[in-house]
Every structure is written in structure tokens, then in C-alpha cells.
Amino acid sequence: MCSLLAALMMFTRLPLWRLVNVDKRYFADVIKFWPLVGFLTGATTGGVLWLTAQVLPLGVACVLAIIARILLTGALHEDGLADFFDGFGGGTSKEKILAIMKDSHIGCYGTIGLVLYFGLYYSLLSSFDPAMIFPIVIAADCFSKLCAAVMINTLPYVRKEEESKTKVIYSKVQVLIFVLVGAVTMIPFFFLKDASFCWAMVPAILTAIALRFFFKAKIGGYTGDCCGASVLIIEQVFYLSVLVIWCRYQFLF
């Protein structure tokens, strides 16, 4: 329970620290509960989108949904994505990549990356029928976090603990725990409009594998920024895959 509370404190802006004091050691175990936090962030994003789409144009509803998620998470993963683009876009060596990602200032690559990300995210959300978006968003949020968690669990952390932004190095998680957590994250898939949407998991998994080898080759492991970037990249691949299946579904029926 303490590790779950620690995960909610780390990955959201909920002021739980005002209600309960969680020892620092539990924050090292948050990675196994990261996918479960997706139920909260996904339900918030999908819920705001669905509710506001009942009274507002879909485009406006999508923007409000994105704002709601940013407010809930504090743009934690988006910050990592910007640093990811800056570091790997401008760095030519492991040392330069890590140094650029450590810099709090956003550069050209990070700015362009965020613009393209939010443009794609908005376009994807606005492409779905609002009546079916709620389970899709939760499934995408939970599954992308599961893929990212499993991926970084196979890599070493490349910085020292004191150099980490969160001052925490994630503990390694047993495979059985990920299997159990993964089973829970499958719940939203049972509410999707068609079982064929489950095929969207395949490109997401392949993307996680590709990112794993990319990080290993470039910097020898992962950083916190790599975690945040991986979640968003895998999530967008999942959305794109669902949209391809959805368009085919519409064409056939």
C-alpha cells in the first residue's frame, strides 16, 4: 500500500503528502505500480473528454482533456519527452546526451518535439467517436506505462542516485509481479468496441523493444527522462494502431 501511495505521489500532483507520510524507501518500488496509476490518469483524461464532448465541439473537448492530464501529472512525462528530444537530437556522445538532458532549459529539438507530440495527440483523440474514447484512453495509458516499466526494468540506470531528478533509483521488479499487474491493466480492453483493437498492443510492444535497444546502444541504460519519453511515444503508437484498426472497422461495417 505504501508503494502504491508513493507511486501516486511521484506520478501525479495529488497532495497526498498532506494526508500521509511515506518513507523514501517505498519510492524505489513505484515502478511496479506505474501501470496502475494509468487508471487514474487515463480515467481523468478520458472522462473529461467524454463529458465535455457532450456539450462542446470535439476539438475543444480534446484540448480540455489534455489540459486535465497535464494538471494531474504536472507535465512530468512531457518534460521528459522534451529533454529526450534535446538530448538525443543534439548529443553526439553518451556524455553530451546526458549533459543536455540534465539541463533544465528546453532547446530547439525539445520545442519541435513537443509541438509535434501535442499536435499528434490532439489529432488522434479528435479522430475517435467520443462514445468509445473512454476505454481506449484508459487502455492506452495503462498499457503504455506497463510497456515502459517492463522495458526500463531490463536496463541499468546510467546516472548516480544523487544526480537523479527524483533522487530515486527504481528497484528491479520480479517477472511474476509484472504478470499480475499486466493482468489488471488488461481490464480496459474488455470494454473496447471490438476485440480486434487488442492488436494495437503489438506495435506498442515492438516500440518498447526498439526503444530499449536504442537506449542501450546510445547511453548504456535509461534515465528518468527516458522513462517519461517512452511512455508518451509508446502511447502514441498505441493510439495510431487503434486508429488504423478503427478506420478498417469503419470501412468494413
Side-chain angles (χ1 to χ4, degrees), residues 7-8 11-15 33-82 113-149 184-201 203-204 207 228-251 253:
L8 290 170
F11 298 120
T12 73
R13 287 295 183 90
L14 295 177
F33 290 112
W34 195 14
L36 301 185
V37 176
F39 281 97
L40 174 61
T41 52
T44 300
T45 307
V48 170
L49 198 162
W50 182 83
L51 286 172
T52 54
Q54 307 306 308
V55 294
L56 295 170
L58 182 58
V60 178
C62 290
V63 173
L64 292 176
I66 294 173
I67 291 174
R69 182 162 95 160
I70 291 175
L71 290 175
L72 179 60
T73 64
L76 178 66
H77 302 323
E78 287 78 8
D79 177 68
L81 184 67
L114 285 180
V115 170
L116 293 176
Y117 162 73
F118 280 116
L120 177 61
Y121 191 23
Y122 168 84
S123 299
L124 290 170
L125 289 180
S126 61
S127 298
F128 293 108
D129 182 349
M132 62 176 287
I133 196 65
F134 188 67
I136 290 178
V137 171
I138 298 178
D141 205 319
C142 292
F143 192 72
S144 61
K145 287 180 169 65
L146 175 65
C147 289
V184 176
T185 61
M186 292 298 103
I187 293 176
F189 288 87
F190 289 99
F191 297 92
L192 298 181
K193 189 170 184 177
D194 190 88
S196 61
F197 290 152
C198 293
W199 284 105
M201 291 188 288
T207 301
S230 297
V231 168
L232 299 185
I233 292 172
I234 295 170
E235 183 183 52
Q236 298 311 295
V237 171
F238 182 89
Y239 277 128
L240 280 168
S241 303
V242 172
L243 186 59
V244 170
I245 298 170
W246 167 248
C247 290
R248 179 176 174 80
Y249 182 92
Q250 291 287 83
F251 175 77
F253 298 97

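Note that the coordinates shown come from a computational prediction; the quantities given were computed from them, not determined experimentally.
Minimum interatomic distance between Thr45 and Ala65 (heavy atoms only, all atoms of both residues): O-CB, 3.4 Å. Listed here is the closest heavy atom pair of Ala229 and Gly80: CB-O, 4.1 Å. When all heavy atoms of Pro130 and Leu58 are compared, the closest pair comes out as CG-CD1, 3.7 Å. In this structure, Cys198 and Phe189 approach most closely via the heavy-atom pair SG-CD2, 3.9 Å. Contact detail for Ala200 and Pro203: the closest heavy-atom pair is O-CD, 3.3 Å. In terms of heavy-atom proximity, Ser123 sits nearest to Ser127 at O-OG, 2.5 Å.
Between Ile66 atom CD1 and Glu78 atom CD the span is 9.0 Å, to the nearest 0.5 Å. Summarising the geometry, atom CD1 belonging to Ile133 is positioned 10.5 Å from atom CD1 belonging to Ile138; distances are rounded to the nearest 0.5 Å. Here the straight-line distance linking atom CG of Leu81 with atom CZ of Phe118 works out to 8.5 Å at 0.5 Å rounding. Residue Leu71 holds its CG atom at 9.5 Å from CZ of Arg13, rounded to the nearest 0.5 Å. Interatomic distance, Ile233 CD1 to Gln236 CD, rounded to the nearest 0.5 Å: 9.5 Å.
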Item checked: Stepwise side chain to side chain contact (heavy atoms under 4.5 Å, CB included) test for Lys145 and Thr41 -> CA-CA 11 Å; Lys145 287 180 169 65; Thr41 52; 3.7 Å; yes
Check: For Leu64 and Leu49, what are the C-alpha separation, side-chain angles and deciding distance, and is it a side chain to side chain contact (heavy atoms under 4.5 Å, CB included)?
Finding: CA-CA 7 Å; Leu64 292 176; Leu49 198 162; over 6 Å; no
Checklist line | From CA spacing to verdict: side chain to side chain contact (heavy atoms under 4.5 Å, CB included), Cys62, Tyr122 | finding: CA-CA 6 Å; Cys62 290; Tyr122 168 84; 3.8 Å; yes
Next item on the list: Could you give me the CA-CA distance, side-chain angles and deciding distance for Phe143 and Ile234, then say whether side chain to side chain contact (heavy atoms under 4.5 Å, CB included) is met?
Entry: CA-CA 9 Å; Phe143 192 72; Ile234 295 170; 5.5 Å; no
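Test Val37, Val48, Thr12 against Leu72 for side-chain contact (heavy atoms from CB on, under 4.5 Å) and you get one pass: Thr12. Under the side-chain contact (heavy atoms from CB on, under 4.5 Å) test applied with Pro35, the options Asp141, Leu146, Val184 reduce to a single match, Leu146.
Looking at heavy atoms from C-beta onward, Phe128 lies in side-chain contact with Val242 at the 4.5 angstrom threshold. A 4.5 Å side-chain heavy-atom check between Met132 and Phe197 finds at least one atom pair inside the cut-off. Inter-residue side-chain proximity for Val137 and Leu125 is flagged as met; some heavy-atom pair is nearer than 4.5 Å. The shortest distance between side-chain heavy atoms of Phe11 and Thr73 does not fall below 4.5 Å. For the pair Asp129 and Trp246, the minimum side-chain heavy-atom distance is below 4.5 Å. Residues Ile245 and Asp194 have side chains not in contact (no heavy-atom distance under 4.5 Å, counting atoms from C-beta outward). Here the side chains of Phe39 and Cys142 are in contact, with some heavy-atom distance below 4.5 Å. Using a 4.5 Å heavy-atom threshold, the side chains of Phe134 and Phe191 count as separate.
Here Tyr117 pairs with Arg69 under the side chain to side chain donor-acceptor pair (under 3.5 Å) rule; sequence neighbours left out.
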